[in-house]
Structure formats: structure tokens, C-alpha cells
Amino acid sequence: MGVRSLAYIRVESRDLEAWRRFGEQVVGAAVAPGSDDDVLLLRLDGRPWRFRIEKGDQDRYLCAGLECPSEAEWQQAIDRLRGAGVAVAEGDTEGARLRHVRGYVTLDDPAGNMIELVWGNIVAGTPFVSPVGVPAFITGEMGFGHVVLPTTCYDATRSFYKDLLGFGDSDEMRVHFPGGPEQGLGMSFMHAAGPRHHTVAVGEFPAPTGLIHTMVEVPTIDDVGMALDRAVAAGVHISSSLGRHTNDKMISFYMRSPTGFDIEFGCGGEQTDDWTKVTPTFTIKEDLWGHKWDFGG
Ligand SMILES: [Fe+2]
């Protein structure tokens, strides 16, 4: 056991106003108290925030907050990391207050992706109300969604999440393209202790902004379709058309965030209540339908 879910992501942005418009009017997130000229906090549910957009000189993804279900499991994960020689920086009281958690530490995975390992969340105390009428985001025990991180050391990065943070294999995909390596490029989908199909995936793909994509989930296909309408109306680049994945069965589209990484917006993601009954597969086929990619724009 180890990580249960994705708690939040932090992003550095030169343009908080673009993120505010995108977050509220396209995603349907709510701007949270505590936002100011330097920080934009976006809520998706009863947590105080799920996206922390920080004003800076660059447009880049900063880190994922990965949540452990208890202090004991959090401490065990830290002990495993330190035992393996990973540098783990202690969080301080002010940092914990900003994150609305009881404790956190900061570290890098073998590919250099920053992670914050947290436990003990504090709820906002006020209900989430979407400014554009999204009825809810599917979060709770499953966290707010998933992140797909880049890596140039695929095997070491997979081992790190599995052996040190307690993730398990859900499945793996090999992506083949003309002129690419014969074995294709790997994309590994890993589940945390919760029911979501994958909370972290790592891919052998470059990601100039530091993140390949992050995913949010809504209850119905109508909620996805209405988000697609909002994105098109706002002139947001649609990176992938609507489609259904073969592995987690999610029906989704992908759109480009103001920082440049994609946000997958979907519904119907498969859930599993007992991972011991699931045999990982390593031969994912192409999507069931749709998901036609447009890397331009
Ligand atoms: Fe995804």
C-alpha cells in the first residue's frame, strides 16, 4: 500500500487571467477563496482546491500532489524512498497550511518529475458550485483524476512508482510510428490503491511543459459534450476528438490548457474495487473509436 489518489497539481503560469477564463468557463471549475494576483486556486469538489496556478516567468507544470490514506502509510512510503537513496525534502508548517494537508514532503521521480507526497486532507466546508453548471466532478476516494508524466528512463520510472510508492500495473501500451524505434515507445498505466484505472501513467514521450496530460472526469456524456462545446466556443485547441479508450473505457476529448499541456475531459472511466482480481495487460489496442489527434494549433 502507499498512494491512494491524485490530490492536486501545481502549475506555473505567466497568465493567470487566461487560466481563470479557461478554468471557470471551459473546465467548469470554481475559483476558490485565497486566489489573488499571484495565485489562482481552482476547485472541482469539496476540497479547498485541486489546481494551484502560480504566477511566474514560465509556463510549465510544477508537480503532482499524491495522497496517502494515513500518516502511517505516508511515513512508510517516505522510509522506502529514503532507503532507496531518494532525496526527500520535508515540508514546513506554512506549506502544509497552503496545501490544506496535515503533512507533505517533496521529491523527484527518476525522470525529474516533481512530486509532493501528502496525507491528511482538510475539506473546504462549503459546497462546490460550478460556474457553468457542471453537476460534479468524479473525485472522492479516487482523487481528482490522473496525470501522464514524461520520462527518458522508462523502466526506472515505472519501478519507482511501483516499488517505492505502491502503484500496480494496470496495463501498458506500445506506440509505433513511422521512423520510430522497432519496439515502439512505452506508455505505462499504473493504479493507486483506489478504484481508478490509473492515477499515474508514464510515457516515453517528450513534454515541453513537463506534463503530457491530466484528466478530470464528469458524470455523463452530456457533461463531456457540453464541455466540448464550451471549449470550441472559447477557441481552445482541441488536441483530440471525442473517443473511447480501450483500457479504462473512458469517453473523452483532449484540449490544450493555457500552459500548453492537455486536459483530458471524460466520463465513464472503469473502476475496480479489487485490484487482485485484475490481470495487467501489455497489449492495449488502439482506441475503440475516435480520439483523432491534432498536434498543431
Ligand atoms: Fe488520460
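Counting starts at 1 for both ligands and their atoms, in listed order. What you see below is based on every heavy atom in this structure, not just the backbone, and it leaves out hydrogens, waters and symmetry mates.
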W74 side chain vs L117 backbone, donor-acceptor pair below 3.5 Å: yes
Aromatic plane relationship, F265 with F137 - under 30° parallel, 30 to 60° tilted, over 60° perpendicular: perpendicular
Distance-only donor-acceptor check, side chains T272 and H191, under 3.5 Å: no
Check: D294 side chain, G296 main-chain N or O, donor-acceptor pair, under 3.5 Å: yes
Ring geometry between F22 and W19 (parallel below 30°, tilted from 30 to 60°, perpendicular above 60°): perpendicular
Donor-acceptor side-chain pairing of Y8 and E116 below 3.5 angstrom: yes
The Fe ion (ligand 1) neighbourhood, protein N/O/S only, threshold under 2.8 Å: H146 NE2, H213 NE2, E264 OE1
